[in-house]
Amino acid sequence: MERKSKSLWDTKIVTRAAVDSLVKLDPRTLMKNPVMFVVEIGAALLTFTVIRNQMHHQAGFAFELQITLWLWFTVVFANFAEAMAEGRGKAQADTLRKSRTETVARKVKADGTIEEISGSKLRSGDVVIVTAGEFIPGDGEVIDGVASVDESAITGESAPVIRESGGDRSAVTGGTRVLSDEIKVRITSNPGETFLDRMIKMVEGASRQKTPNEIALNILLSGLTIIFLLAVAALQPMAIYSGAPQSPFVLWSLLVCLIPTTIGGLLSAIGIAGMDRVIQRNVMAMSGRAVEAAGDVDTLLLDKTGTITLGNRQATELIPAPGVLDAELADAAQLASLADETPEGRSIVVLAKEKYGLRGRPLSSLDATFIPFSATTRMSGVDFDGRAIRKGAPDAIKKYVIEQGGTVPIQVDEVVQIVASSGATPLLVAANNRLLGTVRLKDIVKGGMKERFDHLRAMGIRTVMITGDNRLTAAAIAQEAGVDDFLAEAKPEDKLALIRKEQSKGKLVAMTGDGTNDAPALAQADVGLAMNAGTQAAKEAGNMVDLDSNPTKLIEIVEVGKQLLITRGALTTFSVANDVAKYFAIIPAMFAGAFPVLQALNIMGLKTPESAILSAVIFNALIIIALVPLALRGVQYRPLGASALLRWNLLVYGVGGIVAPFIGIKLIDVIITRLHWA
Amino acid sequence: MTNNGWFQILFFLLVVLALTKPLGAFMTRVFNREKTFLDPVLRPIEKLLYRLTGVDEATEMGWKEYAGAMLIFSGVTLALTYLIERVQNHLPLNPQHLPAVAPDLAFNTAVSFTTNTNWQAYVPETTMSYLTQMTTLAYHNFISAGVGIALAIAVVRGIARREKDTIGNFWVDMTRAVLWVLLPLCLVGALFLVWQGVPQNFKPYATAQLVDPQTVQTTGADGKTTTQVIKEQTIAQGPTASQEVIKEFGTNGGGFFNANSAHPYENPTPLSNLLEMLLIFAIGAGLTYTLGQMTGSPRHGWAVWCAMAILFLVGVTAAYSAEARGNPLVETSANHVQPAGNMEGKEIRFGIANSALWAVVTTDTSCGAVNSMHDSFTPLGGMIPLINMLLGEVIFGGAGSGLYGIIVFIILSVFIAGLMVGRTPEYLGKKVEAFDVKMAMLTVLIYPLFVLGFTAISVVAPKFGLSSLANAGPHGLSEIFYAYAEAGANNGSAFAGLNANTLWYNTTIATTMLFGRFFMVIPVLAIAGSLARKKHVPESAGTFPVTTPLFTGLLISVILIVGALTFFPALSLGPILEHLLMNAGKTF
């Protein structure tokens with residue numbers, strides 16, 4: 001599936017949204033949005049009044065009709081914003097549904113015989129066999145065999161992945177296809193609850209619940225709406241007292257302009273679009289709450305390997321022992337590594353080739369015996385031409401050399417110390433009883449990590465690196481990567497303990513994990529991002545799953561979470577700030593007839609009372625549409641400290657919110673008076 | 001405007017600044033029950049009170065229990081006050097033989113004093129006996145202020161405490177507020193006022209022979225004109241100084257005399273005037289320091305202080321300049337009437353600067369005492385006191401109520417700010433969530449509901465609403481609007497020009513006062529309870545700091561915008577319209 005973000009104004013989405021925005025006029029749905037519901041009531045009442053007035057041939061029809069229509073437009077525009085946000089998800093859900101093809105599963109019955117049943121009838125605990133070319137019928141765990149699986153339907157990544165029983169690569173997802181070999185899978189989900197089902201629901205927004213902050217903001221907006229209802233309701237008696245009673249069209253115009261329609265109309269679109277942005281990044285969040293919590297995170301626990309550093313260490317330097325030539329060491333190191341298929345081994349071969357021009361020799365041409373690495377000897381090597389070449393952990397090689405009757409030069413010990421304390425891993429190379437020198441294996445920190453951590457620090461987020469390395473190595477890498485803290489020689493229990501410790505200080509903790517032994521920590525963390533390649537247990541424990549299995553993505557999710565809240569706050573500020581200009585448009589228009597002195601408040605110099613009121617109402621409606629792209633994309637996020645960020649946002653959305661409508665309303669007034677609308 | 005005037009205003013603010021820390025730190029000690037220099041005298045009295053009333057000072061209360069205790073206490077004292085007013089003619093200490101107070105007026109007055117409003121729909125010296133003034137009204141001056149301070153402390157505790165269910169003990173907080181904070185300073189202040197010439201006695205009113213008898217023509221109800229020669233003047237007196245000092249210090253404002261602090265027996269000299277204004281601001285200013293200290297963030301306390309001080313200066317500048325400019329209509333026709341601005345309704349011994357300053361001080365807080373006639377201010381000059389009250393009296397504010405009032409605005413400010421920095425909003429380490437926002441919004445709703453609601457009904461009700469009006473047009477609207485605004489804000493100052501001693505105004509104003517106090521307090525205590533239960537979130541670079549000028553600026557904007565957006569239509573038909581019409585040559 002292609003998951004490139006669609007253009008904002010994709011024709012199909014816009015068309016569907018336009019239709020949906022009319023369907024959403026149903027008061028039963030609109031009632032959930034108190035601000036827009038008030039506008040709809042006003043529009044309905046005014047429609048009734050305008051028809052009645054027309055039947056009685058009262059004057060002012062053109063103005064009244066326009067006001068009424070623009071109130072309807074205000075509601076429709078708000079609905080459109082929401083429908084646009086949902087539309088993007090719906091389009092994605094359609095694609096996902098297509099991949100949920102009906103499959104035939106070969107179920108292994110209790111007596112060992114095989115029965116063919118429909119994939120949708122599989123229940124948790126059933127065991128099925130899947131061979132090359134077949135679709136995996138449901139989410140499950142590989143209990144036997146190893147296979148390459150095409151997971152592009154879920155992840156969009158076309159390269160096949162390996163799934164095998166045991167270990168951390170055992171989870172498979174329904175709807176993906178086995179490319180080679182045969183596996184036995186124990187199904188772990190019931191019909192309708194599969195990963196694909198949940199993902200469809202998620203992107204469609206069907207299971208969307210309001211997040212805590214959204215609820216709080218909704219209360220604030222409802223409160224403001226009630227305040228303005230009271231203010232406008234009380235204005236009419238005062239107007240009557242002052243001898244200038246107002247028509248319902250004018251009063252409703254004032255009310256609709258004052259209540260926070262801009263944010264009220266865009267609020268749910270912002271929430272949906274925020275979730276959508278998470279999905280665009282190929283992360284499946286179990287709830288909007290989790291995304292919001294990501295924005296609040298204080299501490300990020302990041303695994304060193306794969307997140308901060310590239311998965312493998314690489315040889316970066318060969319340091320010969322006293323009296324040994326560079327070339328001799330390089331030659332021995334390369335020979336010892338020829339049969340070593342680990343990335344570390346290969347990197348030694350490459351280093352020897354690049355630095356010393358030694359070409360890798362074909363193994364078969366040598367009459368050599370390769371000694372594989374074993375956990376007990378902790379070294380590997382080759383016996384060749386009467387020479388026994390070994391490479392391995394310093395202790396093991398030193399012991400080997402001494403056993404062979406050789407000596408260990410003190411300088412080599414020093415080099416080993418220096419290499420270790422710089423965060424790299426030393427390996428020693430020996431031939432028979434001669435110690436030849438040291439290989440420096442180094443962790444390579446991913447590019448751009450330091451800047452990212454700097455950004456996080458500015459945002460007030462502390463990063464903690466988790467590694468199984470010893471303290472010395474861990475400290476050096478931590479320094480190079482620029483993390484704030486590290487946990488060395490970490491066991492899974494240590495992770496859990498660290499999370500609990502941070503949480504007891506009131507902090508919110510996020511982490512990534514993939515193994516079964518990460519599950520408790522993932523469950524304990526406030527935001528747990530599980531890798532899709534990980535085990536089922538990990539995926540269940542976390543509250544987000546990264547389909548690309550890229551742990552670095554946690555940082556992006558934090559940014560999305562923050563952006564979501566900032567967008568809400570910014571548009572609320574903008575919406576309320578707008579009211580100042582609207583007052584200056586409408587109040588003089590209301591009372592300038594009875595009290596010409598009040599023209600002094602008409603600082604925009606709007607042409608007539610009708611044009612002033614109409615301009616304010618039109619501005620109020622159009623601003624919703626104008627801000628749809630901002631609501632869907634989210635305001636630009638800048639990794640700044642809280643004060644700087646607030647200062648900037650207040651300037652743009654607060655001061656801007658005061659100034660913009662003065663200009664906008666004036667412009668609309670000029671246009672509609674030219675067009676003779678009012 | 002004169003340099004001398006500005007100097008006096010700034011000098012006043014500097015003294016307030018100097019008072020803030022010592023008074024605030026003292027209150028922190030009092031309510032944390034730490035040792036103070038007054039303990040040897042007051043501790044035995046306190047213990048005795050608890051023994052007599054059966055209060056266990058070690059018990060802690062949750063917010064509901066705290067609110068319940070406060071409501072029951074206020075309800076009982078309200079009923080008692082009503083009763084004493086109704087039977088004062090049968091009770092001692094009534095040398096003038098004043099009759100029982102009418103039911104609606106007695107209810108209005110009882111509510112008014114219980115809610116720390118001290119709105120007086122009556123002329124005290126011809127309505128209330130010495131006993132009524134002392135046992136009920138003076139008593140409430142202490143108690144309602146004490147309750148206010150207790151509530152503010154409970155709210156501050158709610159913010160400061162972590163994962164606790166309780167916010168203190170109402171009885172203890174109130175008792176300590178009265179014994180440690182209010183009484184000692186009132187003793188000193190009363191002596192100071194006596195030195196300045198304020199009477200303190202139980203004598204019947206004195207009669208003085210006029211040196212220059214006056215001839216007065218009055219038109220009777222039958223339309224006949226009678227001519228009367230006035231040869232003597234009755235001069236009211238009584239235990240004034242003791243009542244005067246708590247009237248200011250407890251931000252009560254109910255005068256011993258009808259002319260309130262404009263009366264030479266209540267406020268005889270410029271020095272007494274300065275002291276009284278300082279007393280009005282003292283507790284409100286001090287509590288900001290207490291807030292900072294008890295929550296462990298003194299700089300936050302000062303940030304709040306600054307927001308208040310800036311709003312105060314804006315108000316005073318506007319009022320002073322409007323009054324100093326005077327009425328353009330008079331300016332052109334009769335310059336000698338107002339050589340230095342609008343002197344109508346002002347005392348010569350205070351002048352424009354001190355009258356404008358007082359008007360702002362008394363409405364920034366919930367005091368409501370007056371030293372000049374607000375009704376005679378220019379439209380814009382009179383609008384400032386009105387706006388101050390409509391903003392919720394959070395500029396230093398009433399004893400206690402100013403602080404918990406501004407905390408509501410702080411909650412709303414940090415909520416918006418929190419969203420804009422991309423975090424769940426926090427206030428001093430406590431997450432601000434749906435419940436807290438709901439409660440904050442409830443308190444904000446009370447003003448428009450009652451103030452605008454009753455004003456709206458009154459201005460279209462010719463029989464019971466408009467018949468009380470002395471002026472027509474926008475000025476009349478301002479008079480009614482002001483009456484409900486001061487009631488909602490528990491201010492009690494009178495714009496005058498409105499005969500509020502009617503069944504309609506007595507009951508609706510009383511209702512507004514009750515809701516303005518208790519329906520404000522209950523949600524605020526609920527916020528305190530909810531915050532107290534929450535975990536403390538440590539501050540990080542991502543937290544919006546509540547100690548910076550940016551926070552102060554944001555808080556000011558939120559207060560102004562919420563107030564302006566709610567009341568701009570009403571203000572534009574009242575004082576703003578009146579101002580524009582006055583400039584166009586039309587007055588009311």
Side-chain angles (χ1 to χ4, degrees), chain A residues 212-213 215-217 219-220 223 226-228 230-242 258 292 295-296 298 457-462 505-507 561-563 565-566 568-570 572-573 576 579-580 583 587 591 595 597-598 600-601 637 641-643 645-647 649-650 653-654, chain B residues 412 415-425 429 432-434 436-438 440-442 444-445 448-449 452-453 455-457 459-460 466 473-474 476-477 535-538 540-545 548 550 554 557 561-562 564-570 572-574 576-577 580-581 583-584:
Chain A
N213 278 313
I215 293 171
L217 183 55
I219 292 171
L220 183 85
I226 299 173
I227 289 176
F228 289 125
L230 290 168
V232 174
L235 183 59
Q236 177 72 334
M238 294 184 205
I240 293 170
Y241 165 88
S242 308
L258 292 181
E292 222 173 56
D296 279 348
D298 301 283
R457 199 167 304 114
M459 287 149 68
I461 296 173
R462 214 165 65 92
K505 285 189 257 167
K507 294 184 176 173
K562 286 196 178 292
Q563 199 188 26
L565 294 187
I566 295 172
R568 285 196 198 125
T572 305
T573 310
V576 175
D579 281 3
V580 176
Y583 263 134
I587 293 290
F591 299 111
F595 306 102
V597 286
L598 276 177
L601 294 181
Y637 177 72
S643 288
L645 196 59
L646 182 71
R647 199 173 300 125
N649 284 331
L650 275 180
Y653 299 99
Chain B
L412 294 178
F415 182 73
I416 296 290
L419 289 183
M420 277 202 285
V421 300
R423 272 175 81 95
T424 294
V432 175
E433 289 162 308
D436 313 299
V437 174
K438 192 192 289 177
M441 283 315 283
L442 264 182
V444 180
L445 275 179
L449 184 60
L452 288 177
T455 306
I457 297 172
V459 293
V460 286
L466 297 177
L477 179 67
K535 245 190 191 165
H536 181 266
V537 185
S540 76
T543 320
F544 166 59
T548 55
L550 184 65
L554 181 74
S557 323
I561 284 189
V562 168
L565 291 183
T566 314
F567 298 109
F568 185 75
S572 59
L573 280 181
I576 295 176
L577 178 59
L580 294 171
L581 288 173
N583 283 344

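The figures that follow rest on heavy atoms only: side chains count, while hydrogens, waters and symmetry mates do not. Letters go in sequence order (proteins before strands), and every chain restarts at 1.
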Cut-off 4.5 Å, heavy atoms of chain A, and the answer for B/Ala570 is both

Applying a strict 4.5 Å limit to non-hydrogen atoms, the region of B/Met441 in contact with chain A is side chain

Distance from [X] atom [atom1] to [Y] atom [atom2], nearest 0.5 Å?
| X | Y | atom1 | atom2 | result |
| --- | --- | --- | --- | --- |
| A/Ile461 | B/Arg423 | CD1 | CZ | 7.5 Å |
| A/Leu217 | B/Phe415 | CG | CZ | 5.0 Å |
| A/Leu220 | B/Ile416 | CG | CD1 | 5.0 Å |
| A/Leu598 | B/Ile576 | CG | CD1 | 8.5 Å |

Relative to chain A, which of [options] shows the most heavy atom pairs under 4.5 Å?
| options | answer |
| --- | --- |
| B/Pro538, B/Ser572, B/Gly574 | B/Pro538 |
| B/Val537, B/Leu550, B/Leu412 | B/Leu550 |
| B/Leu445, B/Thr548, B/Val460 | B/Leu445 |
| B/Gly418, B/Gly473, B/Gly429 | B/Gly473 |
| B/Leu477, B/Ile561, B/Thr566, B/Leu466 | B/Leu477 |

Does the side chain of [X] reach to within under 4.5 Å of the side chain of [Y], using non-hydrogen atoms?
| X | Y | answer |
| --- | --- | --- |
| B/Phe568 | A/Leu258 | no |
| B/Pro425 | A/Asn213 | yes |
| A/Pro237 | B/Ile457 | no |

Pick from [options] with the largest number of heavy-atom pairs that fall under 4.5 Å of chain B:
| options | result |
| --- | --- |
| A/Asp296, A/Ile587, A/Leu645, A/Ile219 | A/Asp296 |
| A/Ala458, A/Gly569, A/Ser643 | A/Gly569 |
| A/Ile240, A/Asn649, A/Ile215 | A/Asn649 |
| A/Tyr583, A/Phe228, A/Phe595 | A/Tyr583 |
| A/Ile226, A/Val232, A/Ile227 | A/Ile227 |

Review point. More than 12 non-hydrogen atoms from neighbouring residues, nucleotides or ligands closer than 6.0 Å to NZ on B/Lys438, yes or no?
Key: no

Exercise: identify the closest heavy-atom pair between [X] and [Y]:
| X | Y | answer |
| --- | --- | --- |
| B/Leu452 | A/Met238 | CD2-CE, 3.7 Å |
| A/Lys562 | B/Val421 | NZ-O, 4.4 Å |
| B/Val459 | A/Tyr241 | O-CD1, 3.4 Å |
| B/Ala584 | A/Val597 | CB-CG1, 3.7 Å |

With only heavy atoms counted, which part of [X] is less than 4.5 Å from chain B, the side chain, the backbone, both or neither?
| X | result |
| --- | --- |
| A/Arg457 | backbone |
| A/Leu601 | side chain |
| A/Leu646 | both |

